[in-house]
Amino acid sequence: MIETDPDLRAVEATLFASDHPMTVEQIRGYVGDSVDVAAALSQLSEHYAGRGIELVRRGKTWHFQTAADLAHLLRREREESRKLSRAAVETLAIIAYHEPVSRAEIEAIRGVQISKGTLDVLMEAGWVRPAGRREVPGRPLIYATTPAFLTHFGLTSRKDLPGIADLKAAGLLDPIDSAMGEMLFTGEESDAELAIDVNNA
Amino acid sequence: MIETDPDLRAVEATLFASDHPMTVEQIRGYVGDSVDVAAALSQLSEHYAGRGIELVRRGKTWHFQTAADLAHLLRREREESRKLSRAAVETLAIIAYHEPVSRAEIEAIRGVQISKGTLDVLMEAGWVRPAGRREVPGRPLIYATTPAFLTHFGLTSRKDLPGIADLKAAGLLDPIDSAMGEMLFTGEESDAELAIDVNNA
Amino acid sequence: MTGPMLFDAEYPLRDESAANDQFGSDVLTIDIDGWEGPLDLLLALARNQKVDLRQLSILALVEQYLVFIDQARTLKLELAADYLVMAAWLAYLKSALLLPKDPTIDPSPEELALRLQLRLERLNAMRESGARLMGRDRVGRDVFLRGTPEGLRVVKARAWECDYFELITAYGQINARTAPAMHIVKKRQVMTLEQALERVSAMIGRAIDWTAIHAFLPPMADPALRKSALASSFVAALELAKRGLIDLQQEATFAPLMVRKTAR
């Protein structure tokens with residue numbers, strides 16, 4: 001009987017008790033080397049399929065979560081997470097679809113400079129991290145998404161990003177046209193925007 | 001099939017996501033009045049019986065928890081080994097050879113004071129324990145070794161410890177002695193020069 | 001075709017636009033602050049053409065942008081420099097597109113228009129992707145992790161290291177260090193004062209003239225013994241001099257000590 005398999009129980013209990021998603025190696029650290037963790041995980045995720053709780057994989061990590069279609073029941077008393085600004089959402093999307101990208105590349109796509117706070121917000125949320133430097137003059141920092149990004153947005157891997165295959169096929173994720181960028185968008189302050197006297201804040 | 005019963009799924013997800021144990025009424029507040037929560041709970045607890053996760057009832061409230069017999073998995077020990085300091089090794093040796101001894105006695109034998117931390121480390125290692133008080137003025141604590149000490153050093157009893165004579169025979173008393181000797185008899189000979197030799201006894 | 005179309009109500013990021021749909025200039029006064037740069041404005045204008053961005057009429061778009069900027073200026077709104085740079089560039093692009101083709105211009109106006117279009121497509125793609133990303137089942141909003149995880153703990157146990165040899169050596173050293181000090185001096189080969197007296201007295205009979213004291217020393221290899229012999233012989237010489245048997249003489253400090261039998 002599947003329920004009494006001690007390896008399965010051990011993996012199930014470990015993931016259930018953990019307060020963060022775990023990799024196979026991390027789980028093995030708790031249940032012992034003798035357990036085939038990967039096999040147990042795949043059996044478990046089958047077992048939980050269609051239930052109120054699901055076992056899901058995000059990148060290299062696994063965790064239990066409630067089934068997405070039950071959101072309407074549970075959302076009620078949960079606070080909506082603070083809304084991200086439009087600039088932050090776009091910046092996150094650019095990093096996720098193009099990673100790794102430098103700040104200048106993000107700016108070239110958006111056509112404006114990004115204010116300092118935007119990347120900070122994304123890093124504070126744990127979705128974005130600096131991922132080294134680009135070996136070009138100036139050695140700019142480049143940014144990439146984190147495992148927590150995959151977890152939060154329910155992505156098994158970056159290949160799961162909505163529409164990424166189509167965008168790639170359409171050439172929209174190619175390195176940006178720097179000629180045009182230089183012509184139009186060098187060194188301009190974006191925060192000023194269309195600075196107005198008639199602000200309707 | 002049990003897994004697809006929507007009422008069951010709803011109750012399962014609600015309890016999983018809740019940050020406190022819930023009564024039947026509280027659960028009903030989430031899943032709706034149409035659901036027979038009590039029946040769903042009893043079906044669920046049957047389903048989870050014997051797995052790594054258990055649905056348990058405490059008084060009027062229900063919650064999920066990791067199976068009690070797997071609690072040992074959730075606590076993983078990581079050993080970090082560190083070398084005992086020179087002072088600690090000497091203190092341990094003195095306790096082993098002279099037990100039970102008070103701190104003042106240890107200091108008298110070592111010829112150096114010991115810091116409080118030294119005895120603490122030996123007790124943390126499980127090799128030394130307080131063994132009552134000496135019935136002298138001030139009633140100082142006295143210390144002795146533990147069975148774990150014998151085990152660690154592979155001794156059947158303290159009588160296995162080599163005596164001073166054994167140590168001497170093994171050359172273990174020599175290092176300091178010979179160093180002193182060299183200092184006295186080589187370095188200084190040149191100064192003697194015309195010293196008149198009266199002590200040729 | 002300019003003003004009202006700019007603020008199509010379907011553009012979701014600007015709520016106030018619907019009410020001001022009909023009057024371009026009014027719209028400008030209330031909503032001009034919402035743009036995130038000229039490219040953003042261009043994209044909003046482009047979406048108002050309600051065609052696939054790939055079928056976009058760049059000329060119409062350029063026209064709209066220029067009109068928009070013009071209106072902003074008539075309203076004496078202060079325009080950020082980048083909007084004006086874009087306007088200048090678009091005005092150039094417009095004239096280049098309208099004029100008869102000049103094959104010497106590189107890149108050609110058509111090429112530039114294509115690049116502009118691609119940029120708009122890109123920005124649009126990222127904007128839509130961002131929205132789709134935000135709309136996914138997100139942890140904490142749509143799906144939930146366990147409310148009360150027991151948590152996994154790693155308990156750090158410090159293991160102290162010490163082996164048996166270290167232990168007993170340490171004890172040996174304490175003993176060695178604290179044992180009462182006993183000094184043993186090595187037995188050395190020496191020439192005693194008695195030996196020296198005997199030897200010097202015996203030899204002095206033969207020495208008629210001044211002789212260095214070294215000559216009275218026995219031939220010996222060991223320098224230590226030689227020193228001892230020298231010292232003893234020196235003391236012996238003093239003793240013999242005191243008895244009046246020999247004379248001693250030294251010409252200068254550290255000069256050889258000369259010995260001879262007392263002249264009678």
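Naming: A, B, ... by sequence-line order, numbering from 1 per chain. From a predicted model like this one, the values you see are computed outputs, not experimental measurements.
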Inset, instruction - Show your reasoning for whether side chain to side chain contact (heavy atoms under 4.5 Å, CB included) applies to B:R9 and A:I53. - result: CA-CA 8 Å; B:R9 295 182 72 225; A:I53 306 171; over 6 Å; no

Inset, instruction - Quick one: do B:L70 and A:E12 satisfy side chain to side chain contact (heavy atoms under 4.5 Å, CB included)? Show the steps, please. - result: CA-CA 10 Å; B:L70 296 176; A:E12 189 179 30; over 6 Å; no

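Scanning both residues, B:A13 and A:G52, for their nearest heavy atoms gives CB-O, 3.5 Å. Residues B:L73 and A:V31 come closest through the heavy atom pair CD2-CA, 4.1 Å.
Listed options A:A17, A:G29, A:A10, A:A67 were ranked by heavy-atom pairs under 4.5 angstrom with chain B; first place goes to A:G29. When the candidates B:H72, B:Q65, B:E54 are compared by the number of heavy-atom contacts under 4.5 Å with chain A, B:Q65 comes out ahead.
Side chains of B:F64 and A:F64 form no contact here, defined as non-hydrogen atoms less than 4.5 Å apart.
The CG atom of A:D5 lies 9.5 Å from the CZ atom of B:R51; values are rounded to the nearest 0.5 Å.
Counting heavy-atom neighbours within 6.0 Å of B:Q113 CD, excluding the residue itself, gives a total of 12 or less.
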